[in-house]
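The structure appears right after this line, and notes come after that.
What's counted below: heavy atoms across the whole structure, side chains too, no hydrogens, waters or symmetry copies. We name chains A, B, ... by the order of the sequence lines, and we start the count at 1 in each one. Quick caveat, the model's predicted, so the values are computed rather than measured.
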Amino acid sequence: MSEAWEPRIVAFFCNWCTYTAADLAGVSRLKYAPNLRTIRVMCSGRVDPQFVLEAFARGADGVLIGGCHPGDCHYISGNYKCLRRFKMLRRLVRDMGIEEGRLRLEWIAASEGEKLKNVVNEMVAHVRALGPLRLNQKFAEWDEEMNQLEHAVGEAQKAKEPVHA
Amino acid sequence: MTGIPNTDGNGRRGAAGEEIRIGFYVCHCGMNIASLVDVAAVAKEAAKLPHVIVSREYKYMCSDPGQEFIMQDIRENRLNRIVVAACSPNLHESTFRGAVARGGINPYFFQMVNIREHGSWVHTDAAAATAKAIDQVRAAVARVAKHRPLERRRMEVNQAVLIVGGGIAGITAALNLADAGKKVYLVEREPTIGGHMAKYDKTFPTLDCAACILTPKMSAVREHPNITLWTYSEVTKVDGHVGKFKVTVRRKPRYIDEETCVGCLECISACVFKTPKFEDEFNEGLGKRKPIYIPFPQAVPPLVTIDPETCLKFKTGKCKSPCETVCDRKAVDFSQTEKTEEIEVGAVIVATGFKAFDVTRLPIYGYGLYDNVYTALEVERMVTSSGPTGGEITLRDGRVPKSIGIIHCVGSRDKKTNRWCSRVCCMYSLKLAHLLREHTGADVYQFYIDMRCPGKGYDEFYERMLDEGVQMIRGRAAEVTDWTMSPEEEGKLVVRVEDTLAAYVRRIPVDMVVLSTGMEPAVGADEIRRMFNISCSTEGFFLEKHPKLAPVETATAGVFIAGCCQGPKDIPDTVAQAGAAAAQALALIDKGYVEMEPNTSYIDPDDCSGCKSCIPLCPYHAIAFDEGSKKAVINEALCTGCGTCVASCPSGSISQNLFEDDQIFSEIEEVLSHV
Amino acid sequence: MTKRYTYFPGCSILGTGRACEESTRAVFAELGVELDDLEDWNCCGATAYMSVDEHKALALAARNLALADTKECPELTTPCSGCYLVLNKTQRYMEEYPRVGDKVKCALKDAGLNYTGRVRVRHMLDILVHDVGLDEVRKHVKRPLKNAKIAPYYGCQTVRPYLDFDHQHYPMTIDRLAEALGATPVHFPLKTRCCGGSQMGTLPNVAQRLCYAILREARRQGANLILSVCPLCHFNLDSYQPDIRRRFGEDVSITTMYYTQLVGLAFGMDPETLGLHRNMTWDGSWLEREVLAGATA
């Protein structure tokens with residue numbers, strides 16, 4: 001890629017609150033960074049952890065999940081399910097070496113166009129400061145490291161074998 | 001799911017086996033989209049994508065010719081998938097699905113890309129907005145190739161309607177629906193219906209008496225065979241969905257048997273409290289009532305209520321209860337307890353009204369500090385001939401005011417309190433000015449920021465008040481004080497204001513100050529909102545589905561809103577909105593069935609391990625465990641299509657129509673494809 | 001458990017406000033509150049310097065914040081409402097406008113100082129009423145001031161725009177304190193009105209008119225004492241009564257004092273310890289004549 005790097009953020013927005021908030025931001029002509037790629041789901045509870053991992057694995061620099069405020073879920077409690085998964089996912093993602101702030105869950109109500117704008121701008125700025133994630137590249141590097149490590153262990157084993165023999 | 005049939009049963013052409021042929025359309029939306037997004041480039045890029053047969057741009061895709069393009073292309077180019085990049089699907093998804101269906105293919109072979117609200121309107125960089133649009137189009141094209149034909153479900157609709165709130169909005173909606181032959185449950189929190197309007201004396205701009213136009217409607221509610229009226233009652237629980245809401249109503253005990261009480265009010269005269277002693281809520285605390293009371297003589301239902309907080313029988317247990325003995329119908333019943341009613345309705349109209357701004361939040365206006373500062377509602381009660389003073393305007397010290405200041409925008413258009421305009425205060429302040437002058441002959445000063453009198457006959461009323469000699473001072477009043485600077489100010493309240501027309505700070509001494517309070521969301525609006533799953537705008541008023549095109553609908557199908565719970569409005573607007581809500585509810589239930597979106601979840605029994613982890617996740621109890629097959633089964637009629645169970649199934653055996661895993665994965669892949 | 005605060009006296013305390021300092025130290029010592037003096041403090045710049053050179057004025061005030069930052073107790077308290085306003089304003093500006101904050105921090109760095117934002121600026125009135133508490137104050141009252149009718153005067157710098165311990169439009173903290181001392185606060189509509197501040201020196205006709213309204217209204221509301229919380233307000237109300245009488249042709253004489261002086265009197269302290277002899281309107285017989293007479297009987 002010859003162009004300058006731009007953060008790429010995949011967003012999963014629930015239909016009733018956050019997607020509508022984004023519509024409102026549009027109707028209100030608020031301006032925010034164009035780095036989001038939105039995927040609409042009916043409820044944040046539909047966001048399968050695999051979606052998030054897939055997005056990172058395919059090169060997303062950040063993933064934003066948007067749902068209704070606690071108590072306001074259109075489907076009563078889907079956002080709570082999302083929150084529970086998110087807490088688990090956040091640990092997993094951290095263990096993979098993905099920095100805090102690349103994965104965000106935000107409650108943005110249908111009336112909060114302003115908040116949507118702020119969250120997107122903030123996240124884009126934050127991810128921009130963190131730099132490209134390039135997880136797929138890291139996978140390759142890690143594989144290489146593992147190979148070298150295994151090779152080294154193998155060599156050491158070989159070297160030790162005669163002593164035991 | 002093995003293979004997709006060639007036809008979906010309705011004779012429309014299906015897809016599988018067949019070659020996928022996608023038609024792509026990008027809308028200019030006049031200049032709304034085209035001014036920033038390079039629509040030609042989007043169309044050009046889309047044309048290169050797999051399966052795309054035609055790729056077009058057009059000025060207004062939602063217009064008739066735009067839709068005609070789609071239908072024509074389906075016929076002539078044998079298209080079987082359509083993608084439209086335009087505005088939000090919340091606006092025009094159903095429009096285009098209709099066009100797709102009329103073109104002869106299943107309406108769910110369609111995907112919409114939002115490049116206006118999420119694109120041209122929120123970005124400033126044309127290249128970046130175009131790149132974003134292309135990415136989203138790529139995702140939609142990949143996704144639509146994986147769509148399957150779906151059918152909307154039909155569900156029977158209960159013919160009854162619940163109306164929450166018995167103010168003028170609830171009353172109007174109830175009568176409209178009941179007259180149309182529908183069963184109506186009207187639930188009101190207070191002991192009587194009538195709401196705020198029952199407290200008003202005259203209504204602007206015609207100055208007809210509020211009671212004269214309201215009380216006949218209230219009686220009509222009581223007498224209507226199709227209306228079940230539950231006052232002193234509150235909705236506590238709501239289950240179900242459009243067409244079939246299960247609602248629980250808590251009926252507070254009024255310690256009077258509603259069936260036998262005829263409203264003779266003998267019991268009130270008999271009460272051991274010979275004179276009324278307790279703050280009278282209906283009269284804004286200006287009058288007193290007894291523990292056994294009726295809010296006002298024309299209350300509907302005309303029943304007395306016993307307040308256990310003040311009644312001696314409840315407080316000490318030592319009352320001889322003359323109220324009980326004097327009632328020849330034996331209607332007084334101290335053993336009454338709370339009751340709950342469970343009803344099933346097809347639609348709901350929420351009309352819970354507003355709360356007047358709490359003036360103690362603005363101590364600069366001296367309410368509570370100075371006796372002669374009143375709220376507009378208090379004055380409204382005072383000018384009413386049936387009110388606590390019998391229509392006499394007397395101050396708390398017994399004097400008749402010779403000069404009166406009316407301060408506008410108290411709790412409105414104010415960053416410190418509420419930012420919104422409450423819409424009615426200018427007009428009711430003028431009305432009160434007229435009434436106060438009529439009653440007292442006093443000089444009346446209006447302290448206003450702007451006069452907002454849009455409405456039929458409203459501006460004319462303003463002109464008339466000017467002619468009548470109401471003094472208008474443009475400027476937000478800074479404070480109400482008793483600090484004096486001259487002998488004329490002694491014993492008066494001084495309104496300090498910057499007169500922005502005369503361009504200097506003035507001190508206006510008056511005998512009485514009236515605070516024109518704005519409207520706020522009603523007490524308990526938040527609980528109501530949560531129960532009925534209504535969103536609210538930032539200030540807490542209920543959010544309509546669309547501010548212009550769906551003003552009485554909400555995001556929850558079958559739940560409608562009317563009156564001030566949606567935002568401040570006057571009586572004519574409230575009545576019009578209530579009529580609209582009634583018509584919408586009627587249209588919904590009278591059809592007899594509702595069509596539900598097909599985005600329900602389903603289980604592939606071959607993959608289900610019977611682990612039951614999905615079952616407690618469903619808030620609608622739509623998933624059951626089949627003991628025979630040891631598998632989970634989804635009841636499609638109960639499923640609302642959130643997809644939460646899909647995301648949680650460990651074996652991946654649950655799928656959601658229209659939001660299949662492979663469809664979403666292909667979106668993820670495509671939005672990131674060039675990274 | 002003694003309470004400890006970092007103490008910023010402010011310039012006027014060493015001049016016209018000496019009585020304020022004396023009574024403050026006496027009362028807080030009596031209540032077991034330790035005031036740890038901020039060494040090497042400088043003038044906060046007052047409101048005047050802000051309008052001359054904002055950045056330099058902020059840096060000047062921030063130096064005190066940075067000095068306080070090195071103290072064990074991050075609560076910086078000052079008896080002067082002007083200092084209270086300026087220090088608070090500096091802190092908020094630095095937080096709200098990072099560009100300004102960075103510039104000031106840079107200046108402080110050159111002086112070998114570090115600003116972390118840890119310091120919290122508190123008004124001594126707030127500490128007396130909310131940290132020490134009115135119950136504790138009541139315990140020390142030896143001389144309930146039954147006949148003192150107090151016009152509580154907060155002045156503008158205490159309340160606008162940063163007051164966080166009471167209502168900005170109609171505060172009641174002094175009123176409640178006065179009640180705890182056995183005195184009666186009167187309704188005083190001008191309690192947050194400006195006294196003219198330093199305009200008294202430059203535009204005396206304007207400032208004296210403002211003071212005239214305050215003094216006149218206090219008498220009209222039936223007060224026999226104006227309590228103020230700021231050295232400058234006190235100075236204006238206390239010293240210019242003869243001038244005001246001449247200018248407006250009306251007797252507006254009324255005793256004025258710092259709230260700490262009144263607290264000290266209620267605690268049974270000697271007027272001299274409280275610096276009351278420095279007040280222009282103080283008259284040795286006032287307490288006996290107006291307040292105590294008939295009260296204890």
Tell me which of these, [options], has more heavy-atom pairs under 4.5 Å with chain B than the rest.
options             : answer
A:C82, A:G71, A:A25 : A:G71
A:C14, A:C43, A:P34 : A:P34
A:R29, A:M42, A:K81 : A:R29
A:S28, A:G45, A:C17 : A:G45

Less than 4.5 Å to any heavy atom of chain B: does that hold for the side chain of [X], its backbone, both, or neither?
X     : answer
A:A33 : backbone
A:K31 : both
A:C68 : neither
A:L24 : neither
A:L30 : backbone

If you measure only the distance, is there a donor-acceptor pair under 3.5 Å linking the side chains of [X] and [Y]?
X      : Y      : value
B:E667 : B:Q663 : no
B:N418 : B:E539 : no
B:R138 : B:S673 : yes
B:N114 : A:D23  : yes

message: Taking 4.5 Å as the heavy-atom cut-off, does anything in residues 84-112 of chain A contact chain B, and if so which residues?
response: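 Hits under 4.5 Å: A:R85, A:A110, A:S111.
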
statement: Among residues 113-134 of chain A, those lying within the under-4.5 Å heavy-atom range of chain B are none

Below 4.5 Å from any heavy atom of chain A, which atoms of [X] appear? Answer side chain, backbone, both or neither.
X      : value
B:F665 : side chain
B:N32  : side chain
B:I668 : both
B:C536 : backbone

- prompt: Excluding sequence neighbours, so at least two apart, what forms side-chain contact (heavy atoms from CB on, under 4.5 Å) with A:V10?
  reply: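 side-chain contact (heavy atoms from CB on, under 4.5 Å) check on A:V10 returns A:F12, A:I39, A:A55, A:A60, B:V671, B:L672.
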
query: Just checking heavy atoms, which of residues 642-651 of chain B are less than 4.5 Å from chain A?
result: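 Interface residues of residues 642-651 of chain B: B:C642, B:G643, B:T644, B:V646, B:A647, B:S648.
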
Side chains of [X] and [Y]: does their closest heavy-atom pair fall under 4.5 Å?
X      : Y      : answer
A:N15  : B:N90  : yes
B:E117 : A:Y19  : no
A:F51  : A:V63  : no
A:D72  : A:W16  : no
B:E660 : B:K146 : no

message: Using the ring centroid of each side chain, check whether B:F110 and B:H147 are separated by less than 6.0 Å.
response: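 No - the distance between ring centres of B:F110 and B:H147 does not fall below the 6.0 Å cut-off.
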
message: Tell me if the NZ atom of A:K138 is crowded by more than 12 foreign heavy atoms within 6.0 Å.
response: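 Enclosed: over 12 neighbouring heavy atoms sit under 6.0 Å from NZ of A:K138.
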
query: Is the count of non-hydrogen atoms from other residues, nucleotides or ligands lying under 6.0 Å from B:H621 atom NE2 greater than 12?
result: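 Open.
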
Heavy-atom pairs under 4.5 Å with chain A - which of [options] has more of them than the others?
options                : answer
B:N533, B:D661, B:I534 : B:N533
B:A140, B:G641, B:S535 : B:G641
B:R143, B:R116, B:Q656 : B:Q656
B:L617, B:N599, B:L91  : B:L617

message: I'd like to know if B:R530 pairs up with B:E527 as an ion pair, taking the criterion as any Lys NZ or Arg NE/NH1/NH2 lying under 4.0 Å from an Asp or Glu carboxylate oxygen.
response: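 No, B:R530 and B:E527 are not salt-bridged.
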
query: Charged N to carboxylate O below 4.0 Å: is that the case for A:R37 and B:D135?
result: yes

Any donor and acceptor pair, going by atom type alone, linking the side chain of [X] with main-chain N or O of [Y] inside 3.5 Å?
X      : Y      : answer
B:H546 : B:K548 : yes
A:N35  : A:P7   : yes
B:T130 : B:D38  : yes
A:D61  : A:R8   : yes
A:S44  : A:G66  : no

- prompt: Would you call the rings of B:F541 and B:W420 parallel, tilted or perpendicular if under 30° counts as parallel and over 60° as perpendicular?
  reply: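 The rings of B:F541 and B:W420 stand perpendicular, inter-plane angle above 60°.
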
